[in-house]
Amino acid sequence: MRVRVLFFGRVKEIVGRAEETADVEDGADLGSLFRSYARRFPQLAEMERSTVLARNQKIASHSEFLADGDEVAFLPPVSGGMKHRAARNRRNRAGAD
Amino acid sequence: MRVRVLFFGRVKEIVGRAEETADVEDGADLGSLFRSYARRFPQLAEMERSTVLARNQKIASHSEFLADGDEVAFLPPVSGGMKHRAARNRRNRAGAD
Amino acid sequence: MQHETAEIVRAPIDVAALAAGLRRGEDGAVVVFEGIVRNGSGGCPTLYLEYEGYEAMALEQMRAIAGEARARWPIDRVAIVHRLGRLEIGETSIAIVVTSAHRAPAFDACRHAIDRVKKSVAIWKKEYFADGAVWVEGEVMQK
Amino acid sequence: MQHETAEIVRAPIDVAALAAGLRRGEDGAVVVFEGIVRNGSGGCPTLYLEYEGYEAMALEQMRAIAGEARARWPIDRVAIVHRLGRLEIGETSIAIVVTSAHRAPAFDACRHAIDRVKKSVAIWKKEYFADGAVWVEGEVMQK
């Protein structure tokens, strides 16, 4: 079956695209989809704890099963509103990566 | 000596004017000035607890002495900002006066 | 624009212009409070309000409240503008604008300022109904 | 105007028009929060920010936050507007307007709404400096 996968923020840059279509096996869950990307993109594996998954625009756990035609999104920590205090620290860390 | 006396809000209506000049004896304090008006305007006497006095634009106690040329103000409960919840009750009470 | 602004006006308050005049590059948050003339909740509708003030004293008190807010919270600027005269339902009687790097102190300072204004600024209002009018007496004035 | 409004825009947010559209005769208080792009406090100045969102999801989340505020506090209307795209220092990235008969619930609801937006709306921003750019990662997204 096929699902649409959307990437945002830093995940989008790691994966190098905003979205793609992925073929997944019947019975696959969100966790297995995440792991398949994490294998291709080691930086994404490091973000597993902070990256939330959404299935059809709702936050979903890794154990949720996929269905054909689903829209899955990889959502790194959000930063809407105004400036966050942590920005500068993160920047220094990013520079050290 | 002479002082200028200003009236605001309901006090202004009770006294019937916004301001006047008053002759006071040497050594008079704010309390004696208030009492002289309260004798003339019994409704003002009822408002003694809620009416704050100012001397030269600063809140002052009844025991503060007056000086020639002072500006005294009679300040009933304030209601700046927006609507107060108590308005309707007070209105009914005012109607019963 | 000063760090602390207190103004008494008789024309409609242009809150957008006020907020625009305060904000600077180091601000991350603007909190605005507007008090507006509202209809009573009872049976008899309010027609309009008349505000009057002991202007010299009220201005000084408003300035003191702005200064107090800046002394107590790490905020940037505070403006308190009160309108006097006749105000119709829906019009803004008071606007308080606080700018700050962060939002929490801006909310705290703005809220504190309006609470203080209602208790300790020499301004009074009279509410007009179809069948009469009454002085709205809120709080015994505090320092 | 609905009781709960959520909007994502790409042009400057006209907060005055937004607030004017919400207020009604029964309101006595309007509380507005604006989040603005500010300069960093460190040595290297921010040039500008780029905001992006998962728009369908973000709108739904903003609507949910507005609804939650109205369920929890006795307020009148809530509008949450977030801007996406490139924003310069001093520009408003988010505006939240709450109208209410009384001020306390308006302050509480507005503050709650911005706290929730920062934690649980699918919006990201990238901060651009003279020597590079970084995704600003705030909070792990919550429901």
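Residue numbers start from 1 in every chain, and the chains themselves are labelled A, B, ... in the order their sequence lines are given, proteins ahead of strands.
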Output all residues satisfying side-chain contact (heavy atoms from CB on, under 4.5 Å) with D/Glu52, sequence neighbours left out; order by chain, then residue number. A/Phe8, A/Lys12, D/Trp124, D/Trp135
Is C/Asp14 in contact with chain D via its backbone, its side chain, both, or neither, using a 4.5 Å heavy-atom distance? neither
Ion pair present between D/Lys125 and D/Glu50, side-chain N to carboxylate O less than 4.0 angstrom? no
Between the side chain of C/Arg77 and the main-chain N/O of C/Leu22, is any donor-acceptor distance below 3.5 Å? yes
Check each atom of C/Ala95 against the heavy atoms of chain D and say whether the ones under 4.5 Å are side chain, backbone, both or neither. neither
Toward chain C, the part of D/Thr99 with a non-hydrogen atom under 4.5 Å: neither
Could you tell me which portion of D/Arg23 (side chain, backbone, both or neither) has an atom closer than 4.5 angstrom to a non-hydrogen atom of chain C? side chain
Counting heavy-atom pairs under 4.5 angstrom with chain C, the leader among D/Val32, D/Val97, D/Val15 is D/Val32
Is C/Asp108 salt-bridged to D/Arg111, going by a charged N under 4.0 Å from an acidic O? yes
Which bit of D/Val31 comes within less than 4.5 Å of chain C, counting heavy atoms only: side chain, backbone, both or neither? both
Applying salt bridge (charged side-chain N to carboxylate O under 4.0 Å, His left out) to C/Lys119 and not counting sequence neighbours gives none
